[in-house]
Number of protein chains: 2
Amino acid sequence: MDAGLGFLLARGGGRAIRTFNRALQPFGVRSRHYMVLLVAIQAGGCSQRDLGVALDVDPSVVVSLVDDLEREGLVRRETRPADRRTRLVTATPAGLDLLDRLRALSQRVDHELTAGLDADERATLLSLLRRVALG
Amino acid sequence: MDAGLGFLLARGGGRAIRTFNRALQPFGVRSRHYMVLLVAIQAGGCSQRDLGVALDVDPSVVVSLVDDLEREGLVRRETRPADRRTRLVTATPAGLDLLDRLRALSQRVDHELTAGLDADERATLLSLLRRVALG
DNA sequence: TATTGTTATACTCTATAACTATA
DNA sequence: TATAGTTATAGAGTATAACAATA
């Protein structure tokens, strides 16, 4: 099929999300929850606004994702005295523990998605995607 | 950010769909309608089942996409005497005409999405994506 | 029995606007 | 006034199951 680049991106992205979500099912979270956990932990605590920027989603979406994670005891919202508008999202020990396992899972899924590529090709794709998907 | 390949694919795909849909707005269709038109015309008529396979979507989704296009007079459903279960989706002259314009639009959007890449890099990305997104 | 298309339904995702509390 | 977070809502996308017509 004479598919354009945008179509291939969209289709590959859909496939990536579905595959990862299926793999995440036993853990009771979905791919976006994983991303929130990942960003919050890597930053050592992160405002919801910054989470929205990092994930490229609306602040209102961040609210419900953090709600879900908080309900599961995986993150906490802390109010910072410096600016009492912002809520600093930090991981609990349970959140840190879960992220460790999900990181490995994420790598397995990435590998499965690119099963047809060798290591060099995978690295090339990753670097090109970074320049297209971010910024 | 330490983003995995799946995350970058998902994010790039989302960006591609949103950008293309915005560009398509004046034409009254969305990206999936474009894909249906494209596949149906390239195949010179296509069953709904095959459209679903080509687009990687459920048959029930194809129904509503073809409904939309038929309502706009862009495609027709023909019953084939050979197998009266299948509906052959073919483009009308108006559909062919629209596709011509949308093809150019799609190329512009693809170019915009990969604005940071040179021609070689764009070709490499396209070929790698084909192997990841299809099959 | 199996397949094509259809309908119905529920859930997720996306996008927007309006509101609150703080600055 | 502007910003961070929240709530509400509508529209689009996704996933499933059940059904009719036909093979």
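In what follows, every chain begins at residue 1, and chains take the letters A, B, ... in the order their sequences are listed.
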- Note on the structure: The complete set of ring pair (Phe, Tyr, Trp, His ring centres under 6.0 Å) pairs with one or both residues in residues 10-62 of chain A, sequence neighbours excluded, reads F20(A)-Y34(A)
- Item | Among D68(A), T92(A), L37(A), the one residue meeting side-chain contact (heavy atoms from CB on, under 4.5 Å) with V75(A) | L37(A)
Using the test side-chain hydrogen bond (donor to acceptor under 3.5 Å, both in side chains), find all partners of [X] that sit at least two apart in sequence or belong to another chain.
X: R22(A); answer: none
X: R32(A); answer: none
X: R76(A); answer: none
X: E70(A); answer: R77(A)

- Does R32(B) make a side-chain N or O approach to OP1 or OP2 of dT14(D) shorter than 4.0 Å? yes
- Note on the structure: The side-chain contact (heavy atoms from CB on, under 4.5 Å) partners of L96(B) (sequence neighbours excluded) come to I41(B), A91(B)
- Quick one: list whatever passes salt bridge (Lys or Arg N to Asp or Glu O under 4.0 Å) with D50(A), sequence neighbours left out. none
- Message: Judged by each residue's nearest nucleotide on DNA chain D, which is more toward the 5′ side, R30(B) or D58(B)?
- Response: R30(B)
- What parts of residues 59-76 of chain B reach DNA chain C, counting only heavy atoms under 4.0 Å away? P59(B), S60(B), V63(B)
- Task: Using heavy atoms and a sub-4.0 Å distance, could you list which residues of residues 46-53 of chain B are near DNA chain C? By number, please.
- Result: S47(B), Q48(B), R49(B)
- Criterion side-chain contact (heavy atoms from CB on, under 4.5 Å) on L38(B) and L99(B), from CA distance to verdict: CA-CA 7 Å; L38(B) 181 63; L99(B) 183 68; 4.2 Å; yes
Length of the [atom1]-[atom2] vector between [X] and [N], whole Å:
X: R15(A); N: dG13(D); atom1: CZ; atom2: P; result: 19 Å
X: F20(A); N: dT12(C); atom1: CZ; atom2: P; result: 17 Å
X: H33(A); N: dC11(C); atom1: NE2; atom2: C1'; result: 13 Å
X: L24(B); N: dA12(D); atom1: CG; atom2: C1'; result: 14 Å
X: D56(A); N: dC13(C); atom1: CG; atom2: P; result: 15 Å
X: R77(A); N: dG5(D); atom1: CZ; atom2: P; result: 9 Å
X: N21(A); N: dT12(C); atom1: CG; atom2: P; result: 10 Å
X: I17(A); N: dA15(D); atom1: CD1; atom2: C1'; result: 15 Å

- Item | End axis versus end axis in the helix from dT1(C)-dA23(D) to dA23(C)-dT1(D), the angle rounded to 10°, five pairs used at each terminus | 0°
With a cut-off of 3.5 Å and sequence neighbours excluded, list every side-chain donor-acceptor pair involving residues 79-90 of chain A.
unit_1: R80(A); atom_1: NH2; unit_2: T86(A); atom_2: OG1; d: 3.3
unit_1: D83(A); atom_1: OD1; unit_2: R85(A); atom_2: N; d: 3.0
unit_1: D83(A); atom_1: OD1; unit_2: R85(A); atom_2: NE; d: 3.2
unit_1: D83(A); atom_1: OD2; unit_2: R85(A); atom_2: NH2; d: 3.0
unit_1: T86(A); atom_1: OG1; unit_2: D83(A); atom_2: O; d: 3.3
unit_1: T90(A); atom_1: OG1; unit_2: E78(A); atom_2: OE2; d: 3.2

- Show the numbers, then the answer: is there a side-chain contact (heavy atoms from CB on, under 4.5 Å) between H111(B) and R122(B)? CA-CA 9 Å; H111(B) 212 274; R122(B) 198 174 285 125; 3.3 Å; yes
- Query: Should R71(A) and D67(A) count as an ion pair when the cut-off is N to O under 4.0 Å?
  - Reply: no
- Task: Starting at CG of L105(A), measure out to CG of D110(A) and round the result to the nearest 0.5 Å.
- Result: 10.0 Å
Please list each protein N or O that sits under 3.5 Å from an N or O in nucleotides 20-23 of chain C, with the distance.
unit_1: dA23(C); atom_1: OP1; unit_2: R84(A); atom_2: N; d: 3.0

- Look only at the side chain of R15(A) and the backbone of A133(B), and say whether a donor-acceptor pair between them is shorter than 3.5 Å. yes
